[in-house]
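First the structure, in the form of structure tokens, and then the observations on it.
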Amino acid sequence: MGQHEHVRVAVIGSGFGGLGAAIRLRREGITDFVVLERADSVGGTWRDNSYPGCACDVPSHLYSFSFAPNPDWPRTFSGQQHIRAYLEHVADTFRLRSHIRLRHEVMMMRWDKDTLCWEIETSKGTLTADVVVSATGPLSDPKIPEIPGLAGFPGKVFHSSRWDHDYDLRGKRVAMIGTGASAIQIVPSIQPEAARLTLFQRTPPWVMPRMDRAITGAERWLHRQLPFTGAARRGLLWGIRELQVSAFTKRPNELGLIESIAKRNMGRSIKDPALRAKLTPSYRIGCKRILLSSEYYPALAEPNVDVVASGLAEVRGSTLVAADGTETEADAIIFGTGFRVTDMPIAERVVGADGITLAEAWKDGMESLRGATAAGFPNWMTIIGPNTGLGNSSMILMIESQLNYLADYMRQLNVLGGRVALAARPSAVHTWNRWLQERMERTVWKSGGCNSWYLDAAGRNTTLWPGTTGEFRRATREVDLAEYEVVRVSKKNAEPAVDAERAVEAVEPAEVVR
């Protein structure tokens with residue numbers, strides 16, 4: 001492998017997951033680590049997504065680390081700029097700057113079974129690491145559909161997560177493609193500026209009112225002076241969402257009441273029966289992500305907005321042609337078409353013990369052990385891995401659970417001692433994922449009658465966790481060594497290649513905690 005800088009742990013990404021991993025490593029007494037970030041600042045998705053109206057749909061006091069509370073959130077649902085500022089503050093408060101290497105994009109990482117190390121090629125050079133923590137996140141690489149003729153469009157084209165702030169939308173004919181979480185925030189933000197705004201909608205979303213307000217100075221003072229009040233607020237927000245989980249995962253028919261609230265939210269602004277019909281979903285609420293907005297429907301009712309209830313099928317010069325034949329003239333196209341979630345690009349850059357990429361290993365669908373480790377990829381862990389997403393609560397809760405797992409993973413390596421690696425047993429990965437998919441069948445995400453980005457090409461839900469955050473916390477409290485093979489370098493010759501099969505310590509796979 002040659003002589004390279006070597007670290008105990010390499011963390012990939014500096015969003016919530018990457019910064020959280022760095023903090024947890026320091027708390028475990030591990031300071032020999034680096035955080036590799038491809039951009040020129042920290043923040044992850046909250047750095048990349050700076051489109052007009054960008055904000056979180058999880059309450060502020062729940063969308064922050066429990067160990068780094070922010071008593072000064074300005075609103076109950078924070079905007080992008082405030083969340084990004086929070087992450088910058090976290091990086092400073094926990095003294096992470098010296099570990100962070102900006103503009104270091106990971107090009108490839110390969111497992112060397114002779115030395116039990118990861119060789120990591122970055123845009124600024126190569127290093128090696130005993131352990132890799134991949135925290136690139138599922139919402140990092142935009143997905144733009146292949147549209148015939150798009151390359152010949154004479155106007156401006158960009159994705160919501162790559163917003164062109166130098167392009168002035170005032171007086172322009174703007175086409176918004178998609179009706180996801182980004183689009184419902186963008187539409188009301190740009191509608192007053194655009195001469196004409198056309199929304200291309202393949203499937204209407206369920207939209208609940210957004211109960212957002214400014215947090216008063218008295219509230220902020222109270223949380224600063226009496227921190228337990230902020231913790232209590234967070235606990236209440238968490239508890240309410242935990243109680244809602246069973247309706248999504250076990251009893252979808254109970255979601256009818258929520259549908260009626262969403263319909264009333266629409267009815268307050270959409271008076272035209274034809275438009276209301278276009279905007280009314282035909283699937284059970286929760287099957288696709290439930291969106292929050294009190295401005296989306298009023299914007300759609302404005303006279304300069306058109307809703308095309310069909311996806312964009314073709315571009316002919318400046319004319320956009322929908323699948324139903326509707327033609328629209330546009331000066332700019334904005335794609336709010338989501339991200340590469342079930343085929344994360346980072347998987348194409350990870351080569352495991354068998355010489356295949358993670359993308360090849362996951363060609364039939366993503367699978368991991370407890371959302372963290374993958375068979376064939378020793379000492380490699382992902383934060384927000386397969387089946388760790390949520391449909392109604394804060395991802396920070398899931399991240400913190402995975403940080404617990406990471407901490408115990410590092411403890412186990414230390415206890416084992418020497419040059420050692422943990423490799424997830426294929427049988428344990430299979431058992432865990434078989435249980436997940438069996439449990440997934442009764443959820444609204446599988447039975448709700450929609451096709452969502454939660455599902456992969458084979459129709460499997462490889463993104464969401466079918467339970468409460470408390471259940472996930474218990475399932476990831478500690479590493480069960482029975483689910484791993486312990487791989488060591490041969491004592492006969494610690495430097496050259498070793499027979500990995502003879503270096504494996506056999507242990508029986510454990511049962512999945514149900």
Side-chain angles (χ1 to χ4, degrees), residues 17 45 49 56-58 136-143 145 160-161 178-184 201-208 241 244-253 255 258-259 262 281-292 311 336-347 359 362-368 370-371 382-395 397-399 402 432-469 471-472:
T45 191
N49 288 271
C56 190
D57 58 6
V58 175
T136 59
L139 307 182
S140 56
D141 290 274
K143 179 173 63 177
S160 59
S161 66
T179 54
S182 299
I184 70 157
Q201 169 193 271
R202 286 195 306 174
T203 309
W206 285 104
V207 183
M208 296 285 286
R241 281 155 181 77
Q244 296 170 347
V245 170
S246 64
F248 290 87
T249 60
K250 299 176 182 178
R251 296 182 289 275
N253 289 334
L255 293 167
I258 301 178
E259 285 184 8
S282 60
Y283 55 88
R284 174 64 74 188
I285 193 170
C287 184
K288 294 169 73 77
R289 183 175 175 181
I290 300 175
L291 308 181
L292 302 182
T337 45
F339 300 85
R340 294 181 59 182
V341 176
T342 59
D343 62 336
M344 293 185 289
I346 190 65
W362 282 351
K363 66 181 186 301
D364 296 323
M366 299 189 300
E367 286 191 341
S368 67
R370 301 181 188 271
T382 180
I383 304 295
I384 314 184
N387 291 110
T388 60
L390 295 175
N392 77 315
S393 194
S394 173
M395 280 305 303
L397 300 170
M398 302 296 278
I399 288 173
Q402 292 198 287
W432 174 257
N433 283 276
R434 182 179 59 197
W435 170 73
L436 278 175
Q437 293 306 318
E438 287 174 355
R439 188 167 175 176
M440 197 69 72
E441 288 300 318
R442 56 183 175 175
T443 68
V444 69
W445 311 307
K446 286 287 287 185
S447 63
C450 74
N451 182 25
S452 72
W453 59 264
Y454 299 148
L455 310 180
D456 63 17
R460 295 171 67 239
N461 190 325
T462 58
T463 58
L464 295 186
W465 168 247
T468 65
T469 63
E471 288 177 290
F472 189 74

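What you see is a predicted model, and the numbers here were worked out from it, not measured in a lab. Note that these values count all heavy atoms, side chains included, but never hydrogens, waters or copies made by symmetry.
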Specify the closest pair of heavy atoms between [X] and [Y], including all atoms of both residues, with the distance to one decimal.
X      : Y      : value
Thr388 : Met395 : O-CE, 3.3 Å
Ala181 : Arg289 : CB-NH1, 3.7 Å
Pro466 : Thr443 : CB-CG2, 4.2 Å
Leu464 : Gly391 : CD2-N, 4.4 Å
Asn253 : Arg284 : OD1-NH2, 3.7 Å
Glu367 : Trp362 : O-NE1, 2.8 Å

Find the distance between [atom1] ([X]) and [atom2] ([Y]) and round it off to the nearest 0.5 Å.
X      : Y      : atom1 : atom2 : answer
Lys288 : Thr179 : NZ    : OG1   : 7.0 Å
Leu255 : Gln244 : CG    : CD    : 9.5 Å
Ile399 : Ile384 : CD1   : CD1   : 3.5 Å
Leu455 : Thr463 : CG    : OG1   : 7.0 Å
Ser394 : Asp57  : OG    : CG    : 10.0 Å
Met366 : Asn433 : CE    : CG    : 10.0 Å

Would you say the side-chain atoms of [X] pair up with the backbone N or O of [Y], donor to acceptor, closer than 3.5 Å?
X      : Y      : result
Glu441 : Glu438 : no
Asp456 : Thr342 : no
Lys446 : Gly459 : yes

State plainly whether the residues Arg460 and Asp364 are in salt-bridge range, i.e. N to O under 4.0 Å.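 Judged by the 4.0 Å cut-off on N to carboxylate O distance, Arg460 and Asp364 do not form a salt bridge.
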Side chains of [X] and [Y]: does their closest heavy-atom pair fall under 4.5 Å?
X      : Y      : result
Asn387 : Gln437 : yes
Pro138 : Met344 : yes
Leu436 : Trp432 : yes

Audit row: Ile290, Phe248, side chain to side chain contact (heavy atoms under 4.5 Å, CB included) steps and yes/no: CA-CA 11 Å; Ile290 300 175; Phe248 290 87; 3.9 Å; yes
May I ask you to decide if the ring planes of Trp445 and Tyr454 are parallel, tilted or perpendicular, using 30° and 60° as cut-offs?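 Geometry flag for Tyr454 against Trp445: perpendicular rings.
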Tell me whether Arg202 at atom CZ has more than 12 heavy atoms from other residues, nucleotides or ligands lying less than 6.0 Å away.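 Counting neighbours around CZ of Arg202, 12 or fewer heavy atoms of other residues, nucleotides or ligands fall under 6.0 Å, so no.
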